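Here the structure is a predicted model, which is why all the values come from computation and not from measurement. Residue numbers begin at 1 in each chain, while the letters A, B, ... track the order of the sequences.
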Number of protein chains: 2
Amino acid sequence: MARYEHIAGELRDAIVRGDYPIGAQLPSEAALASRFSASRGTVRQAVAMLVSEGLVGSRQGARRIVLGSERSQSFAELHSFAQWARSVGHQAGGQVIGSRRRSATSGEAARLGIEPGEEVLAVLRLRRLDGEPVLVERTVYASWIAPAVERLDPACESVTQELYETVGLVFAYGEHLIDAVSAGAEDARMLGVRRGSPLLRQRRTTTTQEGRPVECSDDRYRAGSVTFSIRNSHSANSLVRRAGD
Amino acid sequence: MARYEHIAGELRDAIVRGDYPIGAQLPSEAALASRFSASRGTVRQAVAMLVSEGLVGSRQGARRIVLGSERSQSFAELHSFAQWARSVGHQAGGQVIGSRRRSATSGEAARLGIEPGEEVLAVLRLRRLDGEPVLVERTVYASWIAPAVERLDPACESVTQELYETVGLVFAYGEHLIDAVSAGAEDARMLGVRRGSPLLRQRRTTTTQEGRPVECSDDRYRAGSVTFSIRNSHSANSLVRRAGD
DNA sequence: TAGGGCAACTTGTACAAACAAGCGAGACCA
DNA sequence: TGGTCTCGCTTGTTTGTACAAGTTGCCCTA
């Protein structure tokens, strides 16, 4: 592990542990540099991580202050339902309801960077959290990865992890669109809610390290089961509001 | 403006303009350093901005690639409904429906960093986009800022901008919790939708540069009117999924 | 006592240098 | 033809230095 990652980890642990409560000042860069026997540049890189995570605030001339104390999730934990569930102490379950090859719609083609009509693999999954159905996942995979997906066990818990172990596929970048929709008939039946009841929808597109799109998905969470959380600041804002559809 | 900000701006413009289409490689750090007559460190700081915005992907050993080409919003544009509407070419409107001082609930006190029962100012606003009601905003202000809020024009378009101009208040950090809820009776009446129809809820807490909480708010958008968008990656992830309530 | 101003401290920006580590393409070999 | 290996390129990490710019508290003065 890089030196700055180690320092960032130590500081993050200290904040989570409460050594630096919310509102408290962090030691100065010079003090941290001397404590960890590192240069100021390395310390700056470490605290920059915490700033981008929204854990600490930073402004020129003033000591850094603690803004929050909750451990944030890695990209993998966000992307993989099973890995996330495990990390927050819940049991993930679920199964494939349906899976078929068909030709891509124009929207899917645009998001996957392929030609409309090109073949894709559409998979419908129901995901459970501690036994309760909470998520309907409609995922469309690009054709080059489809064979590996079809070989998976239908009851496979973590698709992400399995694809990594079997073909070495790594999900590296994601775009997420979050809004609210009414439950359709199929959604309602699978999640055990009334038709028209609110669902939290997350449409995501994921790509490999090389920027090649792998999948796009329409995930619908039962209201109350899941909340998304974002921390941002004047200097770092990845959350964007968009009009309409 | 700092040198690295200038370089980042040039590159961002080039990407948005299409000089570097999605999937294309960016010039190497050495090439950029020579083009802008800057050191490699400064160039790295510039591209780091683009990476954190999700516009560019980066991995050791390989040239950086373009992942997206949409201009992202500033923190101010995200925070202020009016500034956001203007930046995307729509007309923001709205008015204060009700405003009263009361004592803080325990949840509000925790989020504002005050004692339960301490006095706060609760404001209910209806916001319109191009004339259509799209957002019900229930904001609770800490008592120290309440007088300035009460002095505002009830039809004031941008509360954020007005508070900056009158008392110099700057919103610097925010935490956002996003989920879906059913419209209550009041929500439904104000937004012109049926009771129980889906709303996108954004609960946010905002603080000053010093980390002092200013307000917390429960914003409910009519389904279909607004979508939140986040770009993230293996190296930078500010989006977090949380269980239940 | 109220106010301004100075001085120490702290973070931000920029440059230079060196090495580590991963990627990709072409050369080479079986 | 197919696989491997090496070499050059590119990004990642670390240290050092210097100066700019903003904050904070103390001290001095009116």
Taking only side-chain nitrogens and oxygens of [X], does any of them come within less than 4.0 Å of OP1 or OP2 of [N]?
| X | N | answer |
| --- | --- | --- |
| A:R64 | C:dG12 | yes |
| B:Q60 | C:dA20 | no |
| A:R40 | D:dA18 | no |
| B:T42 | C:dT13 | no |
| A:R44 | D:dG16 | no |
| A:S28 | C:dC9 | no |
| B:R3 | C:dT13 | no |

Nearest-angstrom distance from the residue atom [atom1] of [X] to [atom2] of [N]:
| X | N | atom1 | atom2 | value |
| --- | --- | --- | --- | --- |
| A:R63 | C:dA8 | CZ | P | 18 Å |
| B:Q25 | C:dG24 | CD | C1' | 10 Å |
| A:L26 | C:dT11 | CG | C1' | 13 Å |
| B:H6 | C:dG12 | NE2 | P | 22 Å |
| A:E29 | D:dG22 | CD | P | 16 Å |
| A:H234 | C:dT11 | NE2 | P | 18 Å |
| A:Q45 | D:dT14 | CD | C1' | 8 Å |
| B:L50 | D:dT11 | CG | C1' | 15 Å |

Upstream residue (5' side of DNA chain D) when A:S37 and B:G61 are each assigned their closest nucleotide: B:G61
Neighbour count >12 (heavy atoms, 6.0 Å) for atom NE2, B:H234: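 Check fails, neighbour count at 12 or below.
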Test log, rule salt bridge (charged side-chain N to carboxylate O under 4.0 Å, His left out), inputs B:D179 and B:R201: CA-CA 5 Å; B:D179 60 2; B:R201 177 170 70 163; 2.8 Å; yes
Touch class at under 4.0 angstrom, heavy-atom based, for B:A30 against every strand present: nothing
A:E137 vs A:R127, salt bridge (charged side-chain N to carboxylate O under 4.0 Å, His left out): CA-CA, chis, key distance, verdict: CA-CA 7 Å; A:E137 210 179 74; A:R127 303 289 210 143; 3.5 Å; yes
From D:dT11, D:dT15, C:dC15, nucleotide with atom closest to B:S58 side chain: D:dT11
A:Q209 or A:A62, whichever maps to the more 5' nucleotide of DNA chain C: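 So the residue in question is A:A62.
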Candidate pair A:E108 and A:R102, rule salt bridge (charged side-chain N to carboxylate O under 4.0 Å, His left out), full reasoning: CA-CA 12 Å; A:E108 288 161 0; A:R102 58 171 172 78; 3.1 Å; yes
Face-on cation placement of B:R242 at A:W84 ring, 6.0 Å and 45° thresholds: no
